[in-house]
Amino acid sequence: MEKKSKVKSQKSKLTEGEVVHVANLAHLALAPKEIKKIRDQLSEVLDYVKILQQVDTVKIVPTSQVTGLKDVFREDSVQPSLSVKDSLSESKNSEGEKFKVKSIFQ
Amino acid sequence: MKLNELTIKEAHEGLRQKKFSSLELVRACLGQIKRLDPKINAFITVCEREAAKEAERADKILGQKPTDISARPLLGIPVAVKDNFCTKGLKTTASSNVLADFIPPYDATVVTKIKDAGAVILGKTNMDAWAHGSSTETSDFFTTHNPWNFNRLPGGSSGGSAASIAADETIASLGSETAGSIRQPSSWCGTVGFKPTYGRVSRYGLIAMASSLDCPGPIAKTVSDAAILLRIIAGKDPSDATTSSYAVPNYLEKINKGTKGIRVGVAKEYLAVAENEIKEAVLAAVKTLEKMGAKVKDISLVDPKYAIAVYTILQRSEVSSNLARYDGIRFGFGREKFGQEAKRRIMLGTYYLSAGYYEAYYLKAQKMRSIICRDFEKAFKDVDVILGPSAPTTALPLGASKDHPMFGEMMDILFEPSAIAGLPGLSLTCGFSAEGLPIGMQILGPQFSEELLFQVGYAFEQATDWHKRKPKL
Amino acid sequence: MRQIGQISQIRRANYQPIIGLEIHIELKTKSKMFCGCPADHFGKPPNTQTCPVCLGLPGALPVPNRKAVEWTIMAGLALGCQIPGESKFDRKNYFYPDLPKGYQISQYDQPLAISGKLGNIGICRVHLEEDTGKLVHVEKATLIDFNRSGVPLMEIVTEPDLTSSDEAKEFLQNLQRIIKYLGISEADMEKGQMRCEPTVNLEIKKGNLTVYTPLAEIKNINSFRFVKRAIDFEVQRQFEEFERTGIEKQAGNKVTRGWNEQKGITILQREKEEAADYRYFPEPDIPPMRFERKNIEDLRKKLPELPEKRARRFIREYGVSEYNAAILIENKGKADFFEEAVSYARELEKPPGTKAIGDWIVNKRVDLAKTSPENLLKAILAKAGAATLDDSELIAAITSVLGINQKAVIDYNNGKEPALMFLVGQVLRRTKGKGDPGQIRLLLEKELHDDKKR
């Protein structure tokens, strides 16, 4: 797999900047107090997983799925959809049978 | 014996022989819930009215068509369902504030299957929010208490289901496991918990935690009950592309074949992790099996500490992606309602997958996964099943999991390797601690060896009385 | 910073546009990519074609549509691609209200098809993914319709081999025609069934210096005409900007610009983040796919004759002119109609020439929806002028040629098609070039066939 960005290795401590960046990627809003706390907690976990670096995996093929299944498909046939009522039933904000959110800038 | 204390097998027999009605059975469970659940808090939702109505419907069928009861093995029998299985028209929350008012417009496949088998849905049980935990303490709503000692945790994430079984608030229950979430609370609550082979049971409608690991499974009072439940919920599902096409056997057929000649492996690496009391109970169990004809062998497995790292990375990565759909637009509340644990896991998973770190974390973990799979394959050439402790401790006190970012992973150390490899595992009680808390052992097998695991578990259960003990409630 | 002197030097430079295209095509399967909701969403009342899967409800799981996969492979084959033996789906993670799961199931590093060519233009890859919902912006809010969410979307990425807006337009028209021949999409740009995002930059040469302007990806184009206009505008804009600023292409300075139809310009779009980090990883809910050579060859056999090849065959076999051939193959329906008419002609005693049939369809601008091949022939015959060659002369020539070319007759009967063309040539020699080659061929075929029967 080609990754265009530089390949980095495991690290133990995240900077606050990195915490904020990851929170943005994950669409999570963190209060300033939370950032510091979460930074320590995340770093603790990162520290633990470093033990994997002890294991030589250069020649190992990764396992993405344990089932060994291949080629599972559905045939191209139409099945019943939800009613529009059911589709919208759990939404807290809708208008004219459409879901509604605050304006998004293009 | 009170009706709510029956097993599925006994209840089914009793209903068939018209010794009691389904309504009486359901009412007995509801009565127990009313009496005990204010202290135990196993349930988020109790379907008092609907359950009674379903029971009456079942009784009508039982009165008219006696043959129906064998075709529908759960007819009239109350089942508690973990609150991460979508139930149509019935609130489903995954114990999270994000889904506090979510009412799914559809049933999970396993729910459809138990309904088709005649089950009466008793209610939805408490769990760690999003299944992120091994205590049920990180539920966004409330903590479930261990029926054996209310100051102790029931384990998690299927703590509500396990507690409801241990307290005889229900006859049967459904849980789910990613790595330990069925087996660990079963161990702490003294119940039987079965995690099937990954892909044996459909995940359609199970609120996803880690897609490549999640397994729905039964938590029950006896090994036979677990076998009955698994047979009902297992099987290929066209709505879940990762389910297996292997036929589902009748798990009861060979369940009493005994353990003669079965090669049982005991891994020293697993024993080393457990507290002394647990180690002793497990070794005693091994002796019991040996006396019944099993061939015991010492084996060596990869140190499970590596599995913790693998599991941590894979699970959090998949979690970060699976929880991206919770944006409050089509259902539920917004992402600001996520609890601390969920936020931590999403953040870590996002980090592990992020640009530049994929190779170091996710890919590395997948490679270690290959090593773990191969390690088991090698072991199962010499043994038929592997026996070991379930949880490394007995039930811990309330509050033990607070602010401990890797609590779950540490508790589940002995479940993670088999979970990562997609293997099935049966947990059942093999003793009690000096404090009177249940001690669990687990039996692992290769993929799709469920029949064998039930066979060994049943033999052990029949030779011992641990499963008959009940908490003083 | 460039000096004033250098800028005036650049004014005298040569520049060449470098254009690559990213094209999305909605497949016209019956059902969506990962669920059974109807895929045909145009004009349907909002949110009436959704289910837990395409709405991204908790617990829902995707199961891929076999037909969509087969059609994508066929498109790849039609574009001369290789089909790797293994492929899979991946998750592309990002947040946007029209993306219900918070990730799009797409293909990252193992697409269904790679390394093809259409004309002179390299095709980098063809892959399969799912479409998003549709957003409508109203005052202070955005409304979302998920009918389109989950519709199968084929993505074709070209190499940056295009060098002009005209070339891009022609490429797209060719591609559209092929897609429609395959019958896998209506590919109507106005309906959004075919979408194109050109990426444009310039190569500027000045003496020994060769520099490149930053890449710009242009979105929001919905017709072939606007593709040309947008590229033309962007090329001009980039040249002028480079003259002004001298900013060269660098890693990370690619921009996205939106085409504004009313003003006829591209506008820099507000960037929410820098280069998006999609955190691709293999889709755990869908097993990977493996294709044996046999499967691929079976799909290749299902390919219809593609437009270019068909045009050449019309020229070769029916004597149709190059110009007319291009018109006859414009769409598969027209080409099929023409060949059906030729088929009918074969049954007639005095068939009009195939070239004549082609001419008729093209010159008379026949509305093929309003007539049938049979009726068309009747019309031609009714209006047929005198043949330049007497019928009896033609028959005599044919009989004679068949008589003295026994070897060719035997060859033809043994399945050697070129023998027929040889015989046609011989007849034309005898008639000193007079006569419709297509008609001669038909008559010969008839004779040979009747002969064989006797």
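Quick note on labels: first sequence line is chain A, next is B, and so on, each numbered from 1. No hydrogens, no waters, no symmetry mates; every other heavy atom, side chains included, goes into these values. On a predicted model such as this, the values are computed, not experimentally measured, just so you know.
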Side chain, backbone, both or neither of K140(C) within contact of chain A (heavy atoms, under 4.5 Å):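 The backbone, not the side chain.
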Under 4.5 Å from any heavy atom of chain A - which part of C54(C):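 For C54(C), there is no contact with chain A at all, as no heavy atom is under 4.5 Å.
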Neighbour count above 12 (heavy atom, 6.0 Å) for K249(C) NZ: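 No, the 6.0 Å shell around NZ holds no more than 12 heavy atoms from other groups.
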S87(A) and T50(C): side chain donor to acceptor below 3.5 Å: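 On atom types as modelled, these side chains qualify, holding a pair under 3.5 Å.
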K30(C) NZ: over 12 foreign heavy atoms closer than 6.0 Å: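 No, the 6.0 Å shell around NZ holds no more than 12 heavy atoms from other groups.
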Spacing of NE2 belonging to H27(A) relative to OH belonging to Y94(C), to within rounding of 0.5 Å: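 Going from the NE2 atom of H27(A) to the OH atom of Y94(C) covers 12.0 Å.
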Part of V69(C) within contact of chain A (heavy atom distance under 4.5 Å):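 Side chain only.
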Which of G96(A), G68(A), S64(A), S77(A) touches chain C most, by non-hydrogen pairs under 4.5 Å: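 If we count pairs closer than 4.5 Å to chain C, S77(A) comes out on top.
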Flag if over 12 foreign heavy atoms under 6.0 Å of NZ, K44(C):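 It does: K44(C) NZ has more than 12 such atoms within range.
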Under 3.5 Å donor-acceptor, N47(C) side chain and E97(A) backbone: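 Pair found, side chain donor or acceptor close to backbone of E97(A).
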N/O donor-acceptor pair under 3.5 Å between D71(A) side chain and R290(C) backbone: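 Yes: the side chain of D71(A) pairs with the backbone of R290(C).
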Separation of T48(C) OG1 from K85(A) NZ (nearest 0.5 Å):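 If we round to the nearest 0.5 Å, K85(A):NZ and T48(C):OG1 are 15.5 Å apart.
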Atom pair CG (L25(A)) and OH (Y278(C)), whose distance is rounded to the nearest 0.5 Å: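 Taking CG in L25(A) and OH in Y278(C), the distance rounds to 11.5 Å.
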Part of E283(C) within contact of chain A (heavy atom distance under 4.5 Å):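 It is the backbone, since no side chain atom gets that close.
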Nearest-0.5 Å distance, CD of residue Q79(A) to OG of residue S31(C):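 Result: 8.0 Å between the selected atoms.
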Flag if over 12 foreign heavy atoms under 6.0 Å of NZ, K36(A):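 Atom NZ in K36(A) is not crowded, with 12 or fewer foreign heavy atoms closer than 6.0 Å.
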Distance-minimising heavy-atom pair for V138(C) and S103(A):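 Closest approach of V138(C) to S103(A): O-OG, 4.4 Å.
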P287(C) versus V72(A), closest heavy-atom pair with distance: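 Minimum heavy-atom separation between P287(C) and V72(A): CG-CG2, 3.6 Å.
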Contact class of P45(C) relative to chain A, heavy atoms under 4.5 angstrom: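 Contact with chain A is absent: no heavy atom of P45(C) under 4.5 Å.
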Verdict with supporting geometry, D76(A) and R66(C), side-chain contact (heavy atoms from CB on, under 4.5 Å): CA-CA 7 Å; D76(A) 184 28; R66(C) 183 195 300 277; over 6 Å; no
Side chain Q65(A), main chain I286(C), donor-acceptor under 3.5 Å: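 A pair under 3.5 Å: yes.
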For P46(C) against V84(A), the heavy-atom pair lying closest together: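 Closest heavy-atom pair between P46(C) and V84(A): O-CG2, 3.5 Å.
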Evaluation steps, side-chain contact (heavy atoms from CB on, under 4.5 Å), between F99(A) and L143(C): CA-CA 5 Å; F99(A) 297 90; L143(C) 302 178; over 6 Å; no
Reported NZ-to-CG distance for the pair K98(A) and D145(C), which is rounded to 0.5 angstrom: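 Rounded to the nearest 0.5 Å, the NZ-CG separation comes to 6.0 Å.
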Euclidean distance, K67(C) NZ relative to R74(A) CZ, rounded to 0.5 Å: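 R74(A) atom CZ to K67(C) atom NZ measures 12.0 Å (nearest 0.5 Å).
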